[in-house]
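In what follows, a structure is listed as structure tokens, so that the remarks can point back to it.
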Amino acid sequence: MELVDQFLRKINYLRISVTDRCDLRCVYCMKENMNFLPKNEILTLEEIERLCDNFIDLGVEKIRLTGGEPLVRKDIIKLIEKLNYKKNSTNLNEITLTTNGTLLKTYSYNLKQNGVDRINVSLDTIDEDKYNQITRFGKINNVLDGINEAKKNNIKIKINTVVFKNFNESELEKLIEWSNLNDLDLTFIEVMPMDETDTPRDLQFVPLNEIYDKLNIIYNFTKTNYKTGGPAKYFKSDKLKIKVGFITPLTNNFCESCNRVRISSTGKLYMCLGQNEYVDFREIMRSDRNDNFIQDKIRFALSLKPKRHDFIINSEIKPYMKRHMNVTGG
Ligand code: SAM
Ligand code: SF4
């Protein structure tokens, strides 16, 4: 079975936010004072599994758990364990995670035991004080210990770094060198205009084509065909053993090859990160509909998947998405 949208893009990748909560408050992701949702609005683990089953039936091969911080969700390992069983009997072939890494010291062993071989860890700086500043109160040693533990357990890690104006632009070379030393691929990401945080988005945004040009003088990059299923374009350099990726939703649209959809922690299926339309599956599941109905609704949702996102960042307009990034995750 294949899921294909109205523009004939094959959709085989599902990202699920398992919680809107987080143990950090990154300044580009959340406001300092966030209201999180009451528990009864969040999908139960059984509801998440049921949605996954239906997407797998329709052709999904890869599932990424995200958040908020996926590892703060109670019993997350039980969900991963259940999803992992499906790898033997269905077309599902990968379960992965986007995490801030703070709890990897505790969970790496269990993740590996339950079939998670590859994860993305978000880290915007390797300076202790700056890390504390960008996350509002995080302690970098938790993440560094977590990364070491994941490596010990043979989990392959990719570092994700949001490039944030007047914060980390001048230390990207340092981050590349640190990642190279630790044998971790690294991807830079442009700030996206999700719902408002405490600073206007145009004061946060750095176009990555400019960053690429500066780094290219040092590294003389060559483009690779390497793909991980996501939107990053990867480059290699004779000076590096790692690959360096760039995710550029604003300066270089990649929607033509989009292969994914996202489910929020409340069960809303967002067909595009950069649009506000959704189909609500929580109400469908809680109103006792059968799986045929769910699958018809998934196909319907896919027929609405837009051609491209509508992200714009400038000081005059505020076309912010009506949700923060922790609603759908990255
Ligand atoms: N808490 C986990 C983490 O930080 O990896 C998973 C969820 S977090 C929302 C997923 C990714 O989105 C992180 O890499 C984070 O840096 C990124 N992110 C958050 N807000 C963003 C924004 N406005 N623009 C671009 N990336 C953003
Ligand atoms: Fe939490 Fe991830 Fe958002 Fe940072 S980016 S506040 S770690 S959800």
Side-chain angles (χ1 to χ4, degrees), residues 15-34 36-37 64-73 76 96-104 107 118-125 131-140 142-143 146-147 150 157-165 167-168 175 184-208 228 230-232 245-251 254 260 262-265 270 273-274 309 311-313 318-330:
R15 296 188 178 187
I16 306 184
S17 171
V18 294
T19 176
D20 63 331
R21 286 165 197 264
C22 188
D23 53 349
L24 301 177
R25 296 284 182 281
C26 302
V27 297
Y28 49 79
C29 179
M30 297 189 184
K31 292 187 174 194
E32 186 151 19
N33 295 312
M34 290 286 286
F36 295 107
L37 294 164
R64 177 176 296 277
L65 302 178
T66 172
E69 173 48 42
L71 294 178
V72 305
R73 173 83 196 239
I76 185 69
T96 182
L97 213 69
T98 305
T99 172
N100 63 25
T102 58
L103 295 170
L104 278 176
Y107 286 115
R118 205 161 66 95
I119 57 175
N120 289 352
V121 176
S122 305
L123 187 61
D124 303 320
T125 173
Y131 180 82
N132 182 268
Q133 189 188 333
I134 195 93
T135 58
R136 289 203 175 94
F137 45 74
K139 293 195 170 33
I140 199 167
N142 293 341
V143 187
I147 289 174
I157 298 168
K158 178 170 76 80
I159 301 293
N160 278 346
T161 299
V162 171
V163 181
F164 192 79
K165 200 171 192 163
F167 174 73
N168 57 2
L175 254 167
L184 310 166
D185 285 345
L186 168 67
T187 297
F188 296 120
I189 304 176
E190 279 176 346
V191 166
M192 291 175 246
M194 307 307 287
D195 201 355
E196 283 183 306
T197 50
D198 297 319
T199 338
R201 290 293 183 190
D202 59 299
L203 301 184
Q204 305 182 356
F205 177 70
V206 182
L208 281 192
T228 57
F246 292 81
I247 299 184
T248 54
L250 278 292
T251 55
F254 43 65
R260 54 203 167 273
R262 296 174 160 82
I263 296 176
S264 73
S265 55
Y270 286 92
L273 184 62
H309 64 69
F311 286 142
I312 301 176
I313 294 186
K318 285 196 176 173
Y320 294 120
M321 296 302 118
K322 294 180 188 139
R323 57 185 195 279
H324 289 101
M325 194 71 159
N326 65 320
V327 172
T328 46

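Counting starts at 1 for both ligands and their atoms, following the listed order. If you're wondering where the values come from, they're calculated on a predicted model, not measured in any experiment.
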Starting from atom 1 (N) of ligand 1, find the nearest protein heavy-atom neighbour and note its residue, name and distance. G68 O, 3.0 Å
Within a distance under 4.0 Å of any heavy atom of V191, pick out the atoms of ligand 1 and give their elements. 24 (N), 25 (C)
Please name the pair of heavy atoms, one in M194 and one in L273, separated by the smallest distance, quoted to 0.1 Å. CE-O, 3.7 Å
Hey, is ligand 1 close enough to N326 that some N/O pair sits below 3.5 Å? no
Using a heavy-atom cut-off of under 4.0 Å, does the side chain or the backbone of T99 touch ligand 1, or both, or neither? backbone
For atom 10 (C) of ligand 1, what is the nearest protein heavy atom, given as residue, atom name and distance? G330 N, 3.3 Å
Under the ring pair (Phe, Tyr, Trp, His ring centres under 6.0 Å) test, residues paired with F167 that sit two or more places apart: none
Checking the side chain of E69 only, and the main-chain atoms of L24 only, is there a donor and an acceptor separated by less than 3.5 Å? no
At a 4.0 Å threshold, what atoms of ligand 1 neighbour a non-hydrogen atom of T66? 6 (C), 7 (C)
Which distance, rounded to the nearest 0.5 Å, do you find between the NE2 of H324 and the CG of D195? 4.0 Å
Between CD1 on residue I263 and OH on residue Y270, distance to nearest 0.5 Å: 12.0 Å
Taking every non-hydrogen atom, the tightest pair across R260 and P231: NH2-CB, 3.3 Å
Please write down residue, atom name and distance for the protein heavy atom closest to atom 24 (N) of ligand 1. M192 N, 2.8 Å
At the 4.0 Å heavy-atom cut-off, does Q204 count as touching ligand 1? no
Which is it for R21 and ligand 1 at heavy atoms under 4.0 Å: side chain, backbone, both or neither? neither
Do me a favour and list the nearest non-hydrogen protein atom to atom 27 (C) of ligand 1 with residue, atom name and distance? M325 CE, 3.9 Å
In Å, rounded to the nearest 0.5 Å, how long is the span from CG of D20 to CZ of R73? 10.0 Å
Sub-2.8 Å protein N, O or S atoms surrounding atom 3 (Fe) of ligand 2: C29 SG
Quick one: pull up CG in L123 and OG1 in T135 and give me the separation to the nearest 0.5 Å. 10.0 Å
Nearest atoms (heavy-atom pairs only) where S122 meets T98: OG-CG2, 4.1 Å
R201 neighbourhood, listing ligand 1 atoms whose heavy-atom distance to it stays under 4.0 Å: 23 (N)
Go through the structure and list residues passing salt bridge (Lys or Arg N to Asp or Glu O under 4.0 Å) with R136, not counting sequence neighbours. D198
Region of T98 engaging ligand 1 - heavy atom pairs below 4.0 Å: both
Heavy-atom proximity to atom 3 (C) of ligand 1, best of P70, C26, C22, S122: S122
Any nitrogen or oxygen of Y28 lying under 3.5 Å from a nitrogen or oxygen in ligand 1? Just yes or no. yes
How long is the straight-line distance from CD1 of I16 back to OG of S265, given to the nearest 0.5 Å? 11.0 Å
State, to 0.1 Å, how close V191 and I313 come at their nearest heavy-atom pair, and which atoms those are. O-CD1, 3.6 Å
Got a second to check how far F246's CZ is from T251's OG1, nearest 0.5 Å? 10.0 Å
Suppose we screen for ring pair (Phe, Tyr, Trp, His ring centres under 6.0 Å). Which residues come up paired with H309, at least two apart in sequence or across chains? F311
As a check for students: among V162, T328, I247, identify the option with a heavy atom nearest to atom 17 (C) of ligand 1. V162
Checking contacts here: is it the side chain or the backbone of H324 that comes within 4.0 Å of ligand 1, counting heavy atoms only? Could be both or neither. neither
